[in-house]
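The block underneath contains the structure these notes are about, expressed in structure tokens.
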Amino acid sequence: MSVSHAISVDRPPPQARGWPRTRIVGYALVGLWILFGLGIFAYLTYAWNGEFFARYAPAYLQGLWTTLSLVAISMVVGAIFSLPVTYGRMSKSRFLSGLAYCYVYFFRGTPLLVQVYLVYYGLGSFRLQLESVGLWWFFREAFNCGVFAFALNTAAYQAEILRGAIESVPRGQWEGAASLGLHKLQTLRKVVLPQAFIVALRPYGNELVLMIKASAIVAIITVYDLMGNAKLAYAKSFDFQAYVWVAIVYLVMVEILRHGVEWIERRITIHLKR
């Protein structure tokens, strides 16, 4: 005698009709951005001043080069500084880890503007001491002070990015490399770092974007970067498009960088896609 048991199956919820609230908000935000872009384009078309462009375009190009140089040097020097900080953060020594933690805590917990002031005005008050050790030639230049402050700041962020990327690699990778007879330095260079680079690429890209946007800070310590030349152009012409153009240049730089990072990420993770 067979007994049949009825199995109750929950039906899927009915499909929502109409436009949900999230879609409406999304389309509204996109529409606002489109209107904002059209407004900027209309303003630049209406307020186009060929004389202004011909007069200040060379200064903008020079400021752009200064900005790119500042960010590039700061990122490279910061990457070098971040290596011992990362080692300290991952060290089992309480002294080294505590020292590295204090460094990261200070530079990540205080505004970059304050750090620039501390370097530019603070170290400037020790001119005699710096001259006695032969370092005044470096700190008397505002550009060098900006590079130094930016490098110290980004070193703290890059150290945390690198530490997190290394710790994200499974412990089994270290053990497998050790079973093959590789010492720790070889394991780090040939096994761990290539995997950590994939994890750290996008955070490094974000840090570079933040550095590009934060580089405008150095304009307040008499560095004629992109923002500094825009301030100078506005002070001489009182034309608001001086700031509109500099905003467009920053936006273009950020978008180029963002697409570049995405392209690199696609290239180095092509083996992970099936």
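Atoms considered below: every heavy atom in the structure, side chains included; atoms not considered: hydrogens, waters and symmetry mates. Counting begins at 1 with the first residue of the sequence.
To the nearest 0.5 Å, the span separating CZ on Arg108 from CG on Asn153 amounts to 10.0 Å. Put simply, CG on Leu64 and CG on Leu226 are 6.0 Å apart, with the number rounded to the nearest 0.5 Å. Expressed to the nearest 0.5 Å, how far OG of Ser237 lies from OH of Tyr56 amounts to 4.5 Å. The distance from atom CG of Leu201 to atom CD1 of Ile264, rounded to the nearest 0.5 Å, is 6.0 Å. Rounding to the nearest 0.5 angstrom, the gap separating the CD1 atom in Ile161 from the CG atom in Asn206 is 7.5 Å. To the nearest 0.5 Å, atoms CD (Gln115) and OG1 (Thr110) are separated by 3.5 Å.
For Phe126, the CZ atom sits in a loose shell: 12 or fewer heavy atoms of surrounding residues, nucleotides or ligands are nearer than 6.0 Å. Within 6.0 Å of OH in Tyr60 there are more than 12 heavy atoms belonging to other residues, nucleotides or ligands. No more than 12 heavy-atom neighbours from other residues, nucleotides or ligands sit within 6.0 angstrom of OH on Tyr224.
There is no path of hydrophobic side-chain contacts, each under 4.5 Å, that joins Met90 to Phe95. Transitive grouping of hydrophobic side chains (ILVMFWY, heavy atoms separated by less than 4.5 Å) keeps Val218 and Leu61 in distinct clusters. Hydrophobic clustering keeps Phe238 apart from Trp245 (ILVMFWY residues linked when any side-chain heavy atoms are closer than 4.5 Å, directly or through intermediates). Under the 4.5 Å side-chain heavy-atom criterion for grouping Ile, Leu, Val, Met, Phe, Trp and Tyr, Leu112 is not connected to Leu210 through any hydrophobic cluster. Linking ILVMFWY residues whenever their side-chain heavy atoms come closer than 4.5 Å, directly or via other members, places Val116 and Leu118 in the same cluster.
Contact record, Ser168 with Ala165: OG-O, 2.5 Å, taken as the closest heavy-atom pair. Between Ser215 and Asp225, the closest heavy-atom pair is O-OD2, 3.2 Å. Closest approach of Lys231 and Ile220 over heavy atoms only: NZ-CG2, 4.4 Å. Taking each heavy atom of Ala151 and Val77 in turn, the nearest pair found is CB-CG1, 3.8 Å. The two residues Gly78 and Gln158 make their nearest non-hydrogen contact at C-NE2, 4.0 Å. Residue Gly205 comes nearest to Leu257 through the heavy atom pair O-CD2, 4.1 Å, listed as atom of the first residue, atom of the second, then distance.
Among residues two or more places apart in sequence or in another chain, the side-chain hydrogen bond (donor to acceptor under 3.5 Å, both in side chains) test is passed with Asn229 by none. With sequence neighbours excluded, the residues forming a side-chain hydrogen bond (donor to acceptor under 3.5 Å, both in side chains) with Glu160 are Arg89, Arg163, listed by chain and number. Looking at residues two or more places apart in sequence or on another chain, you find a salt bridge (charged side-chain N to carboxylate O under 4.0 Å, His left out) between Arg202 and Glu265.
Arg140 is not listed as a side-chain neighbour of Leu130, based on a closest heavy-atom distance of 4.5 Å or more. Taking the side chain as every heavy atom from C-beta outward, Gln241 and Tyr234 never approach each other to under 4.5 Å. Using a 4.5 Å cut-off on side-chain heavy atoms (C-beta onward), Leu83 and Tyr87 make no contact. The shortest distance between side-chain heavy atoms of Met75 and Val71 falls below 4.5 Å.
The salt bridge (charged side-chain N to carboxylate O under 4.0 Å, His left out) pairs that include a residue from residues 124-138 are Arg127-Glu131, where partners are two or more places apart or lie in different chains. Applying the ring pair (Phe, Tyr, Trp, His ring centres under 6.0 Å) test to every pair with at least one member in residues 143-168, sequence neighbours left out, gives these pairs: Phe139-Phe148.
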Under 3.5 Å, which donor-acceptor pairs link side chains of residues 96-107 to any protein atom two or more places apart or in another chain?
| residue | atom | partner | partner atom | Å |
| --- | --- | --- | --- | --- |
| Ser97 | OG | Ser93 | O | 2.9 |
| Ser97 | OG | Arg94 | O | 3.2 |
| Tyr103 | OH | Leu152 | O | 2.8 |

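Between the side chain of Ser91 and the main chain of Gly88, no donor-acceptor pair closer than 3.5 Å is present.
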